Amino acid sequence: MGCMLGCKCCGICCCFDDADERISKPSTLSETTPLGKTGKTGEATKDSYVEQFQLSPAKCIQGQATTDDELCEFLQKNINVQELECLVVISSKPAHAYRLPKEEATETGINILGQLILANAATLRVFHLNGQNLDWKRSQNISNALSKCEALEVVDLYDCLLDNDNCLFLFDALKQIPSLKTIQFGKNDINADARNSVQEEQQEKYPNLEIIF
């Protein structure tokens, strides 16, 4: 491949601004950000995080990538950016839309993304991955990398085809990160039992951690 690297009061939310719109119209010139604002496609989500967390714009990157080749191209383009604070990768084709396996990243692509996370584990504060397919093995790749982060505050896994088991697995890994403030699990295949399990543990042990479904 040629790449060198892959209800506020209780901390639980069941909806999240205009999240559907963030990735539902990749062909338009604007995108809706996690803060409910709109801006230029390919930059607006990153820019909203820069504003919200007072990040350095030069240390924040965003790209539209779905397949291994697209991920590799995105990472190679940004490989010289050191001490990343914000990493945003939004699929050009939302996972909830009809999509063939060849149109999404394999374990190789997610592992490449994981290597970029690990390379910036000391500084990464925001990880935003939307529209991918995080099955069991791909969830493991991502969680293994994210769990090494030392300053991570936000993990957004909206529309990543997560099921109950993978949601619980990722929550178990991410909850151990002391700096983490928000996990976004919206628009995934997570039932009420799994949500309740996460909510009960969050309320009892992690009251400062916000979980969004």
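Note that these values count all heavy atoms, side chains included, but never hydrogens, waters or copies made by symmetry. In this text the structure is predicted, and so the values were computed from the model without any measurement.
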**Q** According to a 4.5 Å side-chain heavy-atom criterion applied to Ile, Leu, Val, Met, Phe, Trp and Tyr, with indirect links allowed, do Phe74 and Val81 form part of one hydrophobic cluster?
**A**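 Yes, Phe74 and Val81 fall within the same hydrophobic cluster.
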
**Q** Locate the shortest heavy-atom distance separating Ser147 from Ile177; write the atom from each residue and the value.
**A** CA-CD1, 4.2 Å

**Q** Checking Glu104 now: which residues fulfil side chain to side chain donor-acceptor pair (under 3.5 Å) with it, not counting sequence neighbours?
**A**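 Checked Glu104 against side chain to side chain donor-acceptor pair (under 3.5 Å); matches are Arg99, Asn133.
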
**Q** So, do Cys86 and Val50 sit near enough that their side-chain heavy atoms are less than 4.5 Å apart?
**A** no

**Q** For residues Phe169 and Ser143, determine if any side-chain heavy atom of one lies less than 4.5 Å from a side-chain heavy atom of the other.
**A** yes

**Q** Which pair of heavy atoms, one from Cys160 and one from Gly131, lies closest together, and at what distance?
**A**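 That would be SG-N, 4.0 Å.
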
**Q** Nearest 0.5 angstrom please: Ile90 CD1 to Lys46 NZ, how far?
**A**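 Rounded to the nearest 0.5 Å, the CD1-NZ separation comes to 11.0 Å.
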
**Q** Considering non-hydrogen atoms only, spot the tightest contact between Ser139 and Leu134 and give its length.
**A**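 Heavy atoms of Ser139 and Leu134 come nearest at OG-O, 3.0 Å.
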
**Q** With rounding to the nearest 0.5 angstrom, report the CZ to CD1 distance, Phe171 to Ile190.
**A** 11.5 Å

**Q** Any donor and acceptor pair, going by atom type alone, linking the side chain of Glu70 with main-chain N or O of Thr66 inside 3.5 Å?
**A** yes

**Q** Under 3.5 Å, side chain of Asn144 to main-chain N/O of Ile142, donor-acceptor pair present?
**A**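 It does not hold such a pair.
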
**Q** I'd like to check Ser56 versus Glu85 (side-chain heavy atoms, cut-off strictly below 4.5 Å). Are they in contact?
**A**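 Result yes, sub-4.5 Å side-chain heavy-atom pair found.
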
**Q** Search all heavy atoms of Asp172 against all heavy atoms of Glu201 and return the closest pair with its distance.
**A** OD1-OE1, 4.3 Å

**Q** Can a donor-acceptor pair be found, under 3.5 Å and without considering hydrogens, that links the side chain of Arg138 to the backbone of Gln132?
**A**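 Answer holds: no.
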
**Q** Of all residues at least two apart in sequence or in a different chain, which pass the salt bridge (Lys or Arg N to Asp or Glu O under 4.0 Å) check with Lys59?
**A** Glu83

**Q** With rounding to the nearest 0.5 angstrom, report the NZ to OG1 distance, Lys137 to Thr106.
**A**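 Answer rounded to 0.5 Å: 11.5 Å.
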
**Q** Let me confirm one number: the CG-CG distance from Leu71 to Asn111, rounded to the nearest 0.5 Å.
**A** 11.0 Å

**Q** The criterion is side chain to side chain donor-acceptor pair (under 3.5 Å); which residues satisfy it with Lys148, sequence neighbours excluded?
**A**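 If we apply the side chain to side chain donor-acceptor pair (under 3.5 Å) test to Lys148, skipping adjacent residues, there are no hits.
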
**Q** Within this structure, what is the CD-CG distance for the pair Gln184 and Asn130, rounded to the nearest 0.5 Å?
**A**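 Rounded to the nearest 0.5 Å, the CD-CG separation comes to 7.5 Å.
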
**Q** State whether the number of non-hydrogen atoms from other residues, nucleotides or ligands found under 6.0 Å of Gln82 atom CD is greater than 12.
**A** no

**Q** For Asp163, what residues pass the side chain to side chain donor-acceptor pair (under 3.5 Å) criterion, not counting sequence neighbours?
**A** Asn166

**Q** Do His128 and Leu87 have side chains that approach each other closer than 4.5 Å (heavy atoms only, starting at C-beta)?
**A**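 SC-SC contact between His128 and Leu87 ruled out.
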
**Q** So Tyr158 and Ile212, side-chain contact (heavy atoms from CB on, under 4.5 Å) or not? Walk me through it.
**A** CA-CA 9 Å; Tyr158 183 88; Ile212 303 167; over 6 Å; no

**Q** Check side-chain contact (heavy atoms from CB on, under 4.5 Å) between Ser197 and all other residues, then give those that pass, not counting sequence neighbours.
**A**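 side-chain contact (heavy atoms from CB on, under 4.5 Å) check on Ser197 returns Leu168.
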
**Q** For Ile183 versus Leu180, what's the shortest heavy-atom pair and its separation?
**A** CG1-CD2, 3.6 Å

**Q** Could you report the tightest heavy-atom contact between Leu84 and Asn120, atom names first, then the distance?
**A** N-OD1, 2.8 Å

**Q** Residues two or more places apart in sequence or in another chain: which of them pass ring pair (Phe, Tyr, Trp, His ring centres under 6.0 Å) with Phe185?
**A** Phe213

**Q** Tell me, please, which residues at least two apart from Glu107 pass salt bridge (Lys or Arg N to Asp or Glu O under 4.0 Å).
**A** none

**Q** Pairs in or reaching into residues 186-209: which pass ring pair (Phe, Tyr, Trp, His ring centres under 6.0 Å), with residues at least two apart or in two chains?
**A**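 The answer is none; no pair qualifies.
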
**Q** Please enumerate all residues that pass salt bridge (Lys or Arg N to Asp or Glu O under 4.0 Å) together with Asp165, with sequence neighbours excluded.
**A**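 For Asp165, no residue satisfies salt bridge (Lys or Arg N to Asp or Glu O under 4.0 Å) once neighbours in sequence are set aside.
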
**Q** Quick one: list whatever passes salt bridge (Lys or Arg N to Asp or Glu O under 4.0 Å) with Asp189, sequence neighbours left out.
**A** none

**Q** Using 0.5 Å steps for rounding, measure from the CG atom of Leu55 to the SG atom of Cys60.
**A**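 With rounding to 0.5 Å, CG (Leu55) is 4.5 Å from SG (Cys60).
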
**Q** Applying side-chain contact (heavy atoms from CB on, under 4.5 Å), name anything that partners Asn208, two or more places apart in sequence or on another chain.
**A**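 With neighbours one apart ignored, the set is empty.
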
**Q** Who pairs with Glu153 by side-chain contact (heavy atoms from CB on, under 4.5 Å), at least two apart in sequence or on another chain?
**A**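 Once residues adjacent in sequence are excluded, the partners of Glu153 under the side-chain contact (heavy atoms from CB on, under 4.5 Å) criterion are Phe53, Arg125, Lys181.
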
**Q** State, yes or no, whether a side-chain contact exists between Asp193 and Asn164 at a heavy-atom distance under 4.5 Å.
**A** no

